[in-house]
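Below you'll find the structure, written out as structure tokens, and then a few comments.
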Amino acid sequence: MEIRQLRYLVAVVEEAGFTRAAERLHVAQPGVSAQIRRLERELGQPLLDRSGRTVRPTEAGEALLPYARAALAAVDGMRQTADEFTGLLRGRVTVGLFSAAATHDLDVVSVLAGFHEDHPHVEITLTEDVSDRMVTALQHGELDVAVIGLTGEEPPPGVDLRIVVDEPLVAAVPPGDPLAGRASVALAALGERTLISLPRGTGLRAVLDRACAAAGIRPRVGYEAAAPHVLAELAARGLGVAVLPAGSAAEAGDRLRALEIVRPRLRGRIALAWRTDGPSGPAARAFLARMREAMPAPAPAGRVAPAGRATGTGIAG
């Protein structure tokens, strides 16, 4: 019995097929089939049911899978321990980002590239999603690190945070809009207008919806987009009032006028997030340390800057 046979078996079960397992393992599909058949002959039991459209473990295969996974975990643990003595880092890191997190001051792509260059044997998996699903993935151990938009003042249960962006949310309208000559607008006044916002599940949208519910307002969100610059473009074309971080509105220059939202004032906050008990593997812990070092401290909380002068990163998720 060989370790690679156990690795092939687990991969075929998890991918429900030989072809996808071979692609994941970066080996030829016939080689995967041959090694698993050799393992079956040695154990004297068929481990996989190949009769359907997808490959499934037999009853014997199901019974043996926990032992196969335990053996692989033990081997990986031995390798990681040995690598720590030689200064070589291996393992896997799962990272989550909201759609605009790789832009502006939050240059997550550069952090990923630099970490990969320093630790080429670490497998990095990057996922883009809305913030609420990423929080759930962190809590369940499916993500090691995530950059999320915050929905409230308190961190989610089981998650630690480092706030990296904190800026006002504004109502952005084109110069010809009736609101354009004002410096601020009450949240209640926006209930009468078609709004342009990030989709549900994002931190900015949760802040808006929660504030509207507390004020007894039913917002009319007519347009949704995942990136703030798209929201700004929709507003500049006169399709509604965009609710944006102040920095995103400022980036549109003279095409938009930003009004501070008051009664209540709303803020968009972005945070680096990880499980309270920390990532489980040394590679993920090293990556978290790199991210914490690279993420900028938030600027002091302030008022909306004059139009055309950017004050933030222009992102929210």
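None of these values were measured; they are calculated from a predicted model.
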Exercise for review: I would like to know whether Glu42 and Arg37 meet salt bridge (Lys or Arg N to Asp or Glu O under 4.0 Å); could you show each step before the answer?
Suggested key: CA-CA 9 Å; Glu42 180 177 346; Arg37 289 192 182 279; over 6 Å; no
Check your understanding: Counting only heavy atoms not in Glu59, do more than 12 sit closer than 6.0 Å to its CD atom?
Key ->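 No, not enclosed.
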Report yes if some heavy atom in the side chain of [X] is under 4.5 Å from a heavy atom in the side chain of [Y]; otherwise report no.
X: Leu204; Y: Pro245; result: yes
X: Leu190; Y: Pro219; result: no
X: Val173; Y: Leu259; result: yes
X: Leu150; Y: Leu161; result: yes
X: Ser248; Y: Leu231; result: no
X: Glu40; Y: Gln45; result: no
X: Leu97; Y: Thr127; result: no
X: Val221; Y: Ile196; result: no

**Study point:** Verdict with reasoning, Arg237 to Arg255, per side chain to side chain contact (heavy atoms under 4.5 Å, CB included)
**Key:** CA-CA 9 Å; Arg237 298 296 184 94; Arg255 301 181 66 212; 3.9 Å; yes
Expected output: side-chain [X] to main-chain [Y] donor-acceptor under 3.5 Å:
X: Arg220; Y: Glu192; value: yes
X: Glu15; Y: Arg24; value: no
X: Ser131; Y: Ile148; value: no

Closest heavy-atom pair and its distance - [X], [Y]:
X: Leu43; Y: Met1; result: CD2-CE, 3.7 Å
X: Ile270; Y: Gly149; result: CD1-CA, 4.1 Å
X: Ile261; Y: Ala171; result: CG1-N, 3.7 Å
X: Val170; Y: Ala258; result: CG2-CB, 4.0 Å
X: Leu143; Y: Thr94; result: CA-OG1, 3.2 Å
X: Ser184; Y: Val262; result: CB-CG1, 4.0 Å

Review point. After noting the C-alpha distance and the side-chain angles of His121 and His116, does the key distance pass the side chain to side chain contact (heavy atoms under 4.5 Å, CB included) rule?
Key: CA-CA 8 Å; His121 297 287; His116 174 70; over 6 Å; no
Exercise for review: Would you please test Arg267 and Glu167 for salt bridge (Lys or Arg N to Asp or Glu O under 4.0 Å) and show each step?
Suggested key: CA-CA 6 Å; Arg267 301 196 68 83; Glu167 61 179 326; over 6 Å; no
Out of curiosity, does [Y] fall in the hydrophobic cluster containing [X] (side-chain heavy atoms, cut-off under 4.5 Å, transitive links)?
X: Val130; Y: Leu272; answer: no
X: Leu72; Y: Val122; answer: no
X: Ile124; Y: Leu25; answer: no

Practice item. Can you measure from CD (Glu260) to CG (Leu169) and round to the nearest 0.5 angstrom? Key: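 Between Glu260 CD and Leu169 CG, I get 10.0 Å after rounding to 0.5 Å.
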Exercise for review: Apply the test side chain to side chain contact (heavy atoms under 4.5 Å, CB included) to residues Arg92 and Thr125: give CA-CA distance (whole Å), side-chain angles for both, the deciding distance (0.1 Å), then the verdict.
Suggested key: CA-CA 8 Å; Arg92 184 182 183 193; Thr125 301; 3.4 Å; yes
Review point. What do the steps show when you test Glu224 against Arg205 for salt bridge (Lys or Arg N to Asp or Glu O under 4.0 Å), and what is the final call?
Key: CA-CA 10 Å; Glu224 295 180 342; Arg205 180 61 177 272; 2.7 Å; yes
Exercise for review: Please test Arg193 against Asp177 for salt bridge (Lys or Arg N to Asp or Glu O under 4.0 Å), starting from the C-alpha separation and ending with a verdict.
Suggested key: CA-CA 11 Å; Arg193 299 291 301 270; Asp177 190 274; 2.5 Å; yes
Review point. Quick one: which of Val159, Asp160, Asp144 gives a side chain to side chain contact (heavy atoms under 4.5 Å, CB included) with Arg275?
Key: Asp144
Practice item. Verify whether one side chain among Ser33 and Gln29 offers a donor that lies under 3.5 Å from an acceptor in the other. Key: yes
Point to revise | side chain to side chain contact (heavy atoms under 4.5 Å, CB included) between Val27 and Tyr8, worked out | key: CA-CA 10 Å; Val27 297; Tyr8 290 1; 3.9 Å; yes
